[in-house]
Asks: 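I have a structure I would like to understand better, so I am pasting it below and will then ask my questions one at a time.
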Protein chains: 2
Amino acid sequence: MADATTPAPPRTRPARPARAQRREEILRAATRVFGSKGYHAGSLVDVAEQVGITHAGVLHHFGSKDKLLWEVLEYRDRVDVEHLEGKHIPGGLDLFRHLVKTARINADRRGIVQAYSVLTGESVTDGHPAAPWVTQRFTGLRADIAQALREVVDERVAAGGEDGFEIPDADLDRAASAVIGVMDGLQVQWLLDPEAVDLADTTAFAIEAILAATLAGAQRARPLA
Amino acid sequence: MADATTPAPPRTRPARPARAQRREEILRAATRVFGSKGYHAGSLVDVAEQVGITHAGVLHHFGSKDKLLWEVLEYRDRVDVEHLEGKHIPGGLDLFRHLVKTARINADRRGIVQAYSVLTGESVTDGHPAAPWVTQRFTGLRADIAQALREVVDERVAAGGEDGFEIPDADLDRAASAVIGVMDGLQVQWLLDPEAVDLADTTAFAIEAILAATLAGAQRARPLA
DNA sequence: CGGGACTTACTAACTGGTAAGTAAGTGTGG
DNA sequence: CCACACTTACTTACCAGTTAGTAAGTCCCG
């Protein structure tokens, strides 16, 4: 990387700031294109003309379409994280408040919801390049939510008198999957028919229901099991 | 068409039974292809070679790719309906038992689940030809589930003493959307990572949770609202 | 003057769709 | 029972458009 003769070569602050800017511009365009048309149907030409260059120009920066998708996903992760800058992802009941709040905010950000839903849906096709990313994302989310749930349960047991029973990890995982599932599923319904589904409200209701059922624990009736 | 001299021409029972068979063969192949690769990524050539003909042969039967997709969806509806032949779609609590049972069966029918998930996910892209079908399907399902929920509520009120409160329609719609959402969302997670999610069990849990929350009605706490 | 950011030009593969031709089957009149 | 007319189920061949990717050249900034 660095020139051997110069100990602190000026190239470490590597010249063209334009390059990083350009790349980000392309990433944003690609997010829009893949988000609205999907990865397969969205072409490099579509992306390129949104930033006013040719598709070969895009490939100059990213090498291949697959790599571009990868960087788009990575970029989303980066942006989402720095969005809650410093304040780490909340735990306990706060996590669920955060999820509901996100749903509420998302109801005004159709594009982002669509991008997420499209990519997630497309990822279950055979050999889709986004599948690993989506899978990993689900795994992480499930762990986070299960952990927050555990905290809520412990807290409640410590405070109230209702101790004596333990909630098995399997129940927490189940609840976590259900929370993620209902959020994603509602987004799809909402995208297709915004009049018919109140995204924020329904998400809140469903999460509360799952939360309550989990806290009620093993003694609850299981009429369907 | 018919000869003017013959009042009831025998052509009303029109010859070739082979045609219908061939079409069905193609429809099944198309279901597999669109189900595994999606509508956009799945080509007519893929479909054609699964039945041992050329893509022009497929077009001879269906006219265009869009029409083929339409017939595939229609075909799914037809097959699904005649699957519960006679016994109409159940109401009340039986509907929820039916949904859970379906989830349990689906855990052994990966292909069908994938087809459904792929098409649903892809349908939220701009101008997708399957969007109307998916939207309509959601609308119908929501109505069915809300109706069944109403029956469960009424039944419970009539039997137990806990009368006096009414559950607004909005609450039922919310619950219905949530039920559909969680089923779809769990399918996607399960497809991507079958080890991590127990489809039947988690679906049962989530539906029970939503059911319980709805029945508990307005007096329940809404910690997140 | 060097190198990065492109563009132009191209390729090879593939797309859905069309047109025309062929082989086989069906129905009918004699 | 056969010949003719017609239909169906394709195939082959082709089209125009689009795709991702490559190679080579040009321009401009530092």
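Below, chain A is the first sequence line, B the second, and so on; all start at residue 1. Values below: every heavy atom of this structure, side chains too, minus hydrogens, waters and symmetry copies.
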Asks: Tell me whether the side-chain N/O atoms of Arg19(B) come closer than 4.0 Å to OP1 or OP2 in dT7(D).
Replies: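 Checking Arg19(B) against dT7(D): no side-chain N or O falls below 4.0 Å of OP1 or OP2.
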
Asks: Please tabulate the protein-to-nucleotide N/O contacts below 3.5 Å involving nucleotides 15-19 of chain D, giving atom names and distances.
Replies:
| from | atom 1 | to | atom 2 | distance (Å) |
| --- | --- | --- | --- | --- |
| dT19(D) | OP1 | Ser43(A) | OG | 3.1 |

Asks: Report yes or no: do Gln114(A) and Asp126(B) form a side-chain donor-acceptor pair below 3.5 Å?
Replies: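 Asp126(B) and Gln114(A) do have a side-chain donor-acceptor pair below 3.5 Å.
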
Asks: NE2 of His128(A): more than 12 outside heavy atoms within 6.0 angstrom?
Replies: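 Enclosed.
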
Asks: Using atom types as modelled and distance alone, determine if a side-chain donor or acceptor of Lys65(A) lies under 3.5 Å from a backbone N or O of Tyr39(A).
Replies: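 Yes, Lys65(A) side chain to Tyr39(A) backbone: donor-acceptor pair under 3.5 Å.
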
Asks: Between CZ of Phe138(B) and OG of Ser123(B), what distance do you get to the nearest 0.5 Å?
Replies: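 The distance works out to 7.0 Å.
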
Asks: Under 4.0 Å: is that the gap between some side-chain N or O of His61(B) and OP1 or OP2 of dC10(D)?
Replies: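 Indeed, a polar side-chain atom of His61(B) lies that close.
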
Asks: End-to-end bend of the helix from dC1(C)-dG30(D) to dG30(C)-dC1(D) (five-pair axes, 10° rounding)?
Replies: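 It works out to 0° between the end axes.
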
Asks: Pick from Thr202(A), Asp198(A), Asp201(A): which one makes a side chain to side chain donor-acceptor pair (under 3.5 Å) with Arg174(B)?
Replies: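 Going through Thr202(A), Asp198(A), Asp201(A) one by one, the side chain to side chain donor-acceptor pair (under 3.5 Å) with Arg174(B) is satisfied by Asp201(A) alone.
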
Asks: How does protein contact run along nucleotides 7-12 of chain C, one letter per nucleotide 5' to 3', with B for base contact, S for sugar-phosphate only, - for none, heavy atoms under 4.0 Å?
Replies: BB----

Asks: Find the distance between CG (Asn106(A)) and OH (Tyr116(A)) and round it off to the nearest 0.5 Å.
Replies: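 If we round to the nearest 0.5 Å, Asn106(A):CG and Tyr116(A):OH are 10.5 Å apart.
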
Asks: Rounded to the nearest 0.5 Å, what separation is found between the CH2 atom of Trp133(A) and the CG atom of Leu192(B)?
Replies: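 Rounded to the nearest 0.5 Å, the CH2-CG separation comes out at 11.5 Å.
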
Asks: May I ask you to check whether Gln147(B) and Glu151(B) show a side-chain donor-acceptor distance below 3.5 Å?
Replies: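 Present: a donor and an acceptor within the cut-off.
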
Asks: Does a side chain donor of either Gln50(B) or Arg28(B) reach within less than 3.5 Å of an acceptor in the other side chain?
Replies: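 Gln50(B) vs Arg28(B): no donor-acceptor pair found between side chains.
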
Asks: If you round to the nearest 0.5 Å, how far is CD of Glu208(B) from CG of Leu211(B)?
Replies: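 The CG atom of Leu211(B) sits 8.0 Å away from the CD atom of Glu208(B).
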
